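Accompanying notes for the structure given below.
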There are 2 protein chains.
Amino acid sequence: MPAAPASDLTAHLGYWLRYVSNHVSQAFARKVERHGVTVAEWVLLRQLLDEEAIAPSRLADRMGMTRGAISKLADRLIAKSLLVRAADPEDGRAQTLSLTHAGRALVPGLAALADANDAEFFDHLTPEDRATLLRILRGIVEKRGLKFLPVD
Amino acid sequence: MPAAPASDLTAHLGYWLRYVSNHVSQAFARKVERHGVTVAEWVLLRQLLDEEAIAPSRLADRMGMTRGAISKLADRLIAKSLLVRAADPEDGRAQTLSLTHAGRALVPGLAALADANDAEFFDHLTPEDRATLLRILRGIVEKRGLKFLPVD
DNA sequence: TCTCTATGATTGACAAGGAAACTATAGGTT
DNA sequence: AACCTATAGTTTCCTTGTCAATCATAGAGA
């Protein structure tokens with residue numbers, strides 16, 4: 001009798017991954033909340049820091065959200081004067097999003113919070129463990145051909 | 001000049017953790033969806049398999065959700081005839097939740113899906129890497145004194 | 001016993017994302 | 001040029017969670 005060993009919930013790596021990841025994200029959410037932004041908003045702002053202007057659809061791909069979600073997320077950031085939407089001069093259908101001055105100014109402070117959050121959860125690991133964790137996670141992304149950055 | 005190195009988004013372990021975790025959970029969500037349940041519903045059902053009956057508040061703690069969320073989650077499972085709610089005979093305020101026959105019968109199939117999902121994402125790792133990953137994740141939970149199991 | 005506070009659970013209002021319908025424009029084909 | 005299909009974005013509806021208010025009961029203290 002092989003007795004399939006009962007699938008204990010806590011035996012699943014996926015379970016632990018979700019467990020820890022949610023805590024890390026929740027902790028980060030609390031940190032950025034004080035600055036008036038959500039985690040999704042932070043990710044969008046951060047993406048825009050590198051590029052002059054970017055199409056909503058590209059953001060949707062990169063952030064792993066639907067275009068509808070990006071549309072609304074952009075609305076909220078525009079309402080906070082951190083973002084501007086402009087028509088693409090080369091394509092009548094397309095829009096571009098770019099940071100306002102205020103938006104650009106906000107990013108470094110949030111980045112520092114991201115650093116702090118990472119430190120809070122991972123600094124106690126040995127350098128080897130940190131490297132292994134990163135290697136494993138990147139490996140899964142590569143192996144599975146994952147395309148986008150999740151947010152929630 | 002130490003030059004704090006710009007906080008590249010992809011340098012954060014929290015980023016990768018969230019990235020991978022969300023994909024693993026989304027893949028699992030698609031699997032259980034075919035059986036008519038959500039991930040949160042699966043977790044609740046699985047928790048109940050071990051205990052005869054359990055208080056909603058205990059579930060809220062364990063699952064890392066608010067009591068309000070558990071209340072509604074239970075409503076949905078009751079509507080699907082997988083769960084029953086009963087008054088606690090010892091405390092007029094308390095309720096207890098327990099699986100119906102159908103609910104209990106559903107769990108093994110879902111557990112198999114959880115196994116399959118884990119295999120899909122982690123089977124390519126060496127046993128050492130799997131062990132390390134589990135150890136690291138458990139270590140973080142312990143170090144940080146995390147109390148509950150996240151769901152979404 | 002009466003009252004006050006704490007606790008368990010539910011409910012209502014709101015937030016944020018997904019799916020699908022919809023609008024407008026691009027670009028190829030005839 | 002006229003049409004047809006593909007693509008970019010937005011909007012609508014639905015789901016599911018949180019937060020805060022609410023209700024009922026428990027249990028301690030005057």
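In this text the structure is predicted, and so the values were computed from the model without any measurement. Below, chain A is the first sequence line, B the second, and so on; all start at residue 1.
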How many Å lie between [atom1] on [X] and [atom2] on [N], as a whole number?
| X | N | atom1 | atom2 | value |
| --- | --- | --- | --- | --- |
| A/Leu97 | D/dT10 | CG | P | 8 Å |
| B/Asp88 | C/dT7 | CG | C1' | 13 Å |
| A/Ile54 | D/dG9 | CD1 | P | 10 Å |
| B/Asn22 | C/dG17 | CG | C1' | 12 Å |
| A/Arg30 | D/dC19 | CZ | C1' | 15 Å |
| A/Glu90 | C/dT25 | CD | C1' | 15 Å |
| A/Leu83 | D/dG9 | CG | P | 13 Å |
| B/Asp61 | C/dT7 | CG | C1' | 13 Å |

Atom of B/Ser25, atom of B/Val39 and distance for their closest heavy-atom approach:
O-CG2, 4.2 Å

Any residue of residues 73-81 of chain A with a heavy atom less than 4.0 Å from an atom of DNA chain D
none

Any base atoms under 4.0 Å from A/Arg85, or only sugar-phosphate, or nothing? Heavy atoms, all strands.
sugar-phosphate

Would you mind classifying the nucleic acid contact of B/Gly68 as base, sugar-phosphate or nothing, using non-hydrogen atoms under 4.0 angstrom?
base

Under the side-chain hydrogen bond (donor to acceptor under 3.5 Å, both in side chains) definition, can you give me all pairs with a residue in residues 63-77 of chain A, not counting sequence neighbours?
A/Asp75-A/Arg85

A/Met65, nearest nucleotide to its side chain (from D/dT18, C/dG17, C/dT10):
C/dG17

Between [X] (side chain only) and [Y] (backbone N and O only), is there a donor and an acceptor less than 3.5 Å apart?
| X | Y | value |
| --- | --- | --- |
| B/Asp118 | A/Leu13 | yes |
| B/Arg104 | B/Leu99 | no |
| A/Lys80 | A/Gly36 | yes |

If you apply the rule side chain to side chain contact (heavy atoms under 4.5 Å, CB included), what do you find for A/Trp16 with B/Leu133, and how did you get there?
CA-CA 9 Å; A/Trp16 288 98; B/Leu133 180 55; over 6 Å; no

So, do A/Arg135 and B/Asp129 sit near enough that their side-chain heavy atoms are less than 4.5 Å apart?
yes

B/Ile54 side, atom CD1; B/Ser98 side, atom OG - distance, nearest 0.5 Å
10.5 Å

Atom pairs, protein N/O to nucleotides 4-8 of chain D N/O, distance under 3.5 Å:
residue	atom	partner	partner atom	Å
D/dT7	O2	A/Arg93	NH1	3.1
D/dA8	OP2	A/Arg67	NH2	3.4

Is the base of D/dT15 touched by the side chain of B/Lys72 through a donor-acceptor pair closer than 3.5 angstrom?
no

When you look at A/His12 and B/Val24, which way does the side chain to side chain contact (heavy atoms under 4.5 Å, CB included) test go after all the steps?
CA-CA 11 Å; A/His12 291 119; B/Val24 173; over 6 Å; no

Where each residue is assigned the nucleotide of DNA chain C containing its nearest heavy atom, which of A/Gly92 and A/Thr38 is assigned the position nearer the 5′ end?
A/Thr38

